[in-house]
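Worksheet for the structure shown next.
Letters go in sequence order (proteins before strands), and every chain restarts at 1.
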Amino acid sequence: MIDFLTLTIEAAIKAALMILSLLTGFAYTTLLERRFIARIQQRVGPNRAGPWGLLQPAADGIKVIFKEDIIPNGADKVIFTLAPALTAIPALIILAVVPLGGDVNVFGYRTSLALTSTNVGVLYILAVTSISVYGITLAGWSSANKYAMLGGLRSTAQMISYELAMGLSILAPVMVVGSMSLADIIDAQKNVWLVVYQPIAGLIFIITMYAETNRAPFDLPEAEQELTAGFHTEYSGMKFAAFYMAEYMKMIGVSVIAATLFFGGYRLFGLENLLGGWMGPVILIGKVMLSLLLFVWIRATLPRFRYDRLMDFGWKVLLPIALANAAITAVLVVLDPWWYRLI
Amino acid sequence: MGEWTFIALLFIISLILPAVPIIAGRLLGPRKPNPLKNSTYECGVETVGDTWVQFKVQYYIFALVFLIFDIEVVFLYPWAVAYHQLPLFGVVAGIVFIVTLAEALIYAWRKGALEWV
């Protein structure tokens with residue numbers, strides 16, 4: 001009983017820390033994006049609030065909290081209020097099963113840097129990604145605005161289409177490692193990253209993670225030129241900020257998952273054991289930063305897909321390739337040729 | 001059991017994060033509604049017709065195809081986990097299943113269910 005209580009308090013502290021770090025990560029990802037994209041476009045970007053604009057996220061937060069919260073007349077009030085929360089919660093809980101580092105000592109107490117280590121981690125991630133579709137769909141529907149409705153439906157169709165390819169691209173590493181636990185998947189990458197064994201699955205996962213987070217070049221749900229602001233056209237104030245927050249937290253979440261599944265997670269050739277294990281999260285943060293920079297770079301570089309081409313690309317290119325990759329992986333793992341041996 | 005308790009704990013804590021700012025924004029922000037401000041936005045003119053109308057059927061066809069495939073992909077996961085311990089029969093059965101999936105995809109493709117017009 002005492003043991004369970006200690007474990008629960010430990011988990012509560014970890015959960016609070018995880019949410020706080022996601023919140024900080026979100027705040028500074030927005031700044032990173034604005035500064036980096038400004039540099040690409042030969043501008044300076046926000047640099048007035050604090051040194052190098054470092055207080056800009058705080059200024060934005062204070063501004064948005066004092067904005068009026070408008071609910072349009074035709075809207076379904078209950079769903080209109082719940083939808084932002086429904087979008088933000090999956091983004092917050094998706095990292096529950098991902099180990100963010102190895103074991104560390106905190107004031108003489110040995111603990112692992114993961115909230116929990118369930119053996120169905122990959123399934124949990126797939127389930128939570130599916131739930132995040134609901135928030136956007138309901139937001140678009142409940143606004144009673146035609147742009148929002150179109151944006152919400154587009155977004156639903158896009159996310160479910162790319163979810164299939166994503167699920168199949170995660171299947172291949174699971175097959176190679178033989179476990180759905182993310183800790184096992186990281187341990188299998190001690191020497192060689194899984195992306196070396198599964199380059200096609202890795203590439204498909206990276207493409208689908210842009211579609212799942214509704215980021216450019218797949219930002220159809222919020223295509224300004226045709227849909228104003230898509231599913232959050234009618235949202236203002238803090239509810240709009242909740243959508244914004246969910247988008248950036250999802251970017252961080254999928255970056256962590258991509259790093260874990262294909263790029264060795266918190267491991268980097270034994271460097272993660274330095275500083276009593278605290279180097280692990282630092283390495284993971286480094287990998288996530290690189291991924292976020294790629295997100296911004298792609299947004300600044302590539303034009304948006306046309307909608308029918310987007311659907312064609314998901315169903316007629318990514319899905320068949322992912323299926324074929326799963327079948328080929330199955331054959332390779334069972335034949336086990338000398339050049340396809342883990343470790 | 002323990003691990004799911006912790007996930008439930010995280011879920012409860014994560015409810016706070018969207019709830020507190022939204023309620024705070026409601027309390028701190030100004031509230032001066034007027035009919036023009038509360039009307040539905042539609043490129044400057046008043047909104048025409050109903051928003052909640054019957055929608056293009058293609059969305060539902062995609063949703064149906066998705067539903068079938070998503071369930072079948074989930075079926076593949078236990079097979080992938082137990083892959084290293086399976087006898088040859090299990091391996092062949094799994095590959096036959098993947099081929100069946102591919103066949104279903106080709107069927108939907110040929111039937112025009114994947115055309116977005």
Side-chain angles (χ1 to χ4, degrees), chain A residues 7-8 11-12 15-16 18-19 23 65-70 72-74 84-85 88-89 92-93 96 115-118 123 144-146 149 153 157 160-161 163-164 167-168 171 174-175 178-180 228 233-234 237-239 241-242 307-308 311-312 315-316 319-320 323 326-327 330 333-334, chain B residues 2-7 9-11 13-19 21-22 24-26 28-33 35 37-43 47 51-52 55-56 59 62-63 65-66 69-70 73-74 76-77 80-85 88 91 94-95 98-99 101-102 105 109 114 116-117:
Chain A
L7 280 177
T8 312
M18 181 180 270
I19 286 174
L23 198 61
I65 212 165
F66 286 106
K67 286 286 175 190
E68 184 172 356
D69 182 13
I70 302 165
N73 280 332
I89 289 167
L92 286 165
I93 62 173
L115 183 72
T116 163
S117 59
T118 168
L123 267 189
N145 177 311
K146 295 194 185 69
M149 175 91 174
L153 276 171
I160 62 174
S161 304
E163 212 174 286
L164 283 178
L168 280 168
L171 185 74
V174 169
M175 215 180 314
S179 167
M180 276 197 272
T228 317
T233 304
E234 291 287 1
M238 215 55 216
K239 285 183 193 143
Y307 199 77
D308 56 331
M311 295 301 277
D312 276 0
W315 284 94
K316 298 179 180 171
L319 185 59
L323 259 179
V333 171
V334 93
Chain B
E3 57 214 28
W4 295 107
T5 324
F6 301 152
I7 290 181
L9 206 63
L10 175 68
F11 178 73
I13 296 176
S14 71
L15 285 176
I16 300 170
L17 188 57
I22 288 175
R26 223 171 157 88
L28 293 172
R31 290 183 68 69
K32 298 186 197 99
K37 197 192 277 176
N38 283 1
S39 62
T40 302
Y41 171 76
E42 197 169 300
C43 55
T47 177
T51 306
W52 295 326
F55 224 72
K56 195 177 165 180
Y59 283 102
F62 270 99
V65 179
F66 160 75
F69 273 90
D70 202 37
V73 168
V74 171
L76 279 172
Y77 272 90
V81 170
Y83 197 67
H84 294 274
Q85 294 114 49
L88 188 64
V91 172
I95 291 172
I98 293 180
V99 171
L101 265 178
L105 181 68
W109 196 331
L114 305 183
W116 189 273
V117 192

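Contact tally against chain B (heavy-atom pairs below 4.5 Å) for A/Leu323, A/Asn145, A/Asp69: the top residue is A/Asn145. Per-residue counts of heavy-atom pairs under 4.5 Å with chain B were compared for A/Gly237, A/Gly167, A/Ser161; the largest is that of A/Gly167. Most heavy-atom pairs under 4.5 Å with chain B, from the set A/Val174, A/Leu153, A/Ile89, A/Thr233: that is A/Leu153. When the candidates A/Leu123, A/Leu319, A/Asn73 are compared by the number of heavy-atom contacts under 4.5 Å with chain B, A/Asn73 comes out ahead.
Looking at A/Ile70, the atoms closer than 4.5 Å to chain B (heavy atoms on both sides) all sit in the side chain, from C-beta outward. Interface residue B/Leu76: backbone and side-chain heavy atoms are both found under 4.5 Å from chain A. With a 4.5 angstrom heavy-atom cutoff, A/Lys67 touches chain B only via backbone atoms. Proximity to chain B (any heavy atom under 4.5 Å) is shown, for A/Ala330, by both the backbone and the side chain. Only the side chain of B/Ile95 comes within contact range of chain A, with at least one heavy atom under 4.5 Å from a heavy atom of that chain. For B/Tyr59, the part lying under 4.5 angstrom from a heavy atom of chain A is the side chain only. Heavy-atom distances place both the backbone and the side chain of B/Val65 under 4.5 Å from chain A. Residue A/Met180 touches chain B through both its backbone and its side chain, counting heavy-atom pairs closer than 4.5 Å.
Using modelled atom types, no side-chain atom of A/Glu234 and backbone atom of A/Ala144 make a donor-acceptor pair closer than 3.5 Å.
Taking the six-membered ring where tryptophan is involved, the planes of B/Phe62 and A/Trp315 are tilted, since the angle between them lies from 30° to 60°.
The CG atom of A/Leu168 sits 7.5 Å away from atom CG of B/Leu101, with the distance rounded to the nearest 0.5 Å.
Inter-residue side-chain proximity for B/Arg26 and A/Met238 is flagged as unmet; no heavy-atom pair is nearer than 4.5 Å.
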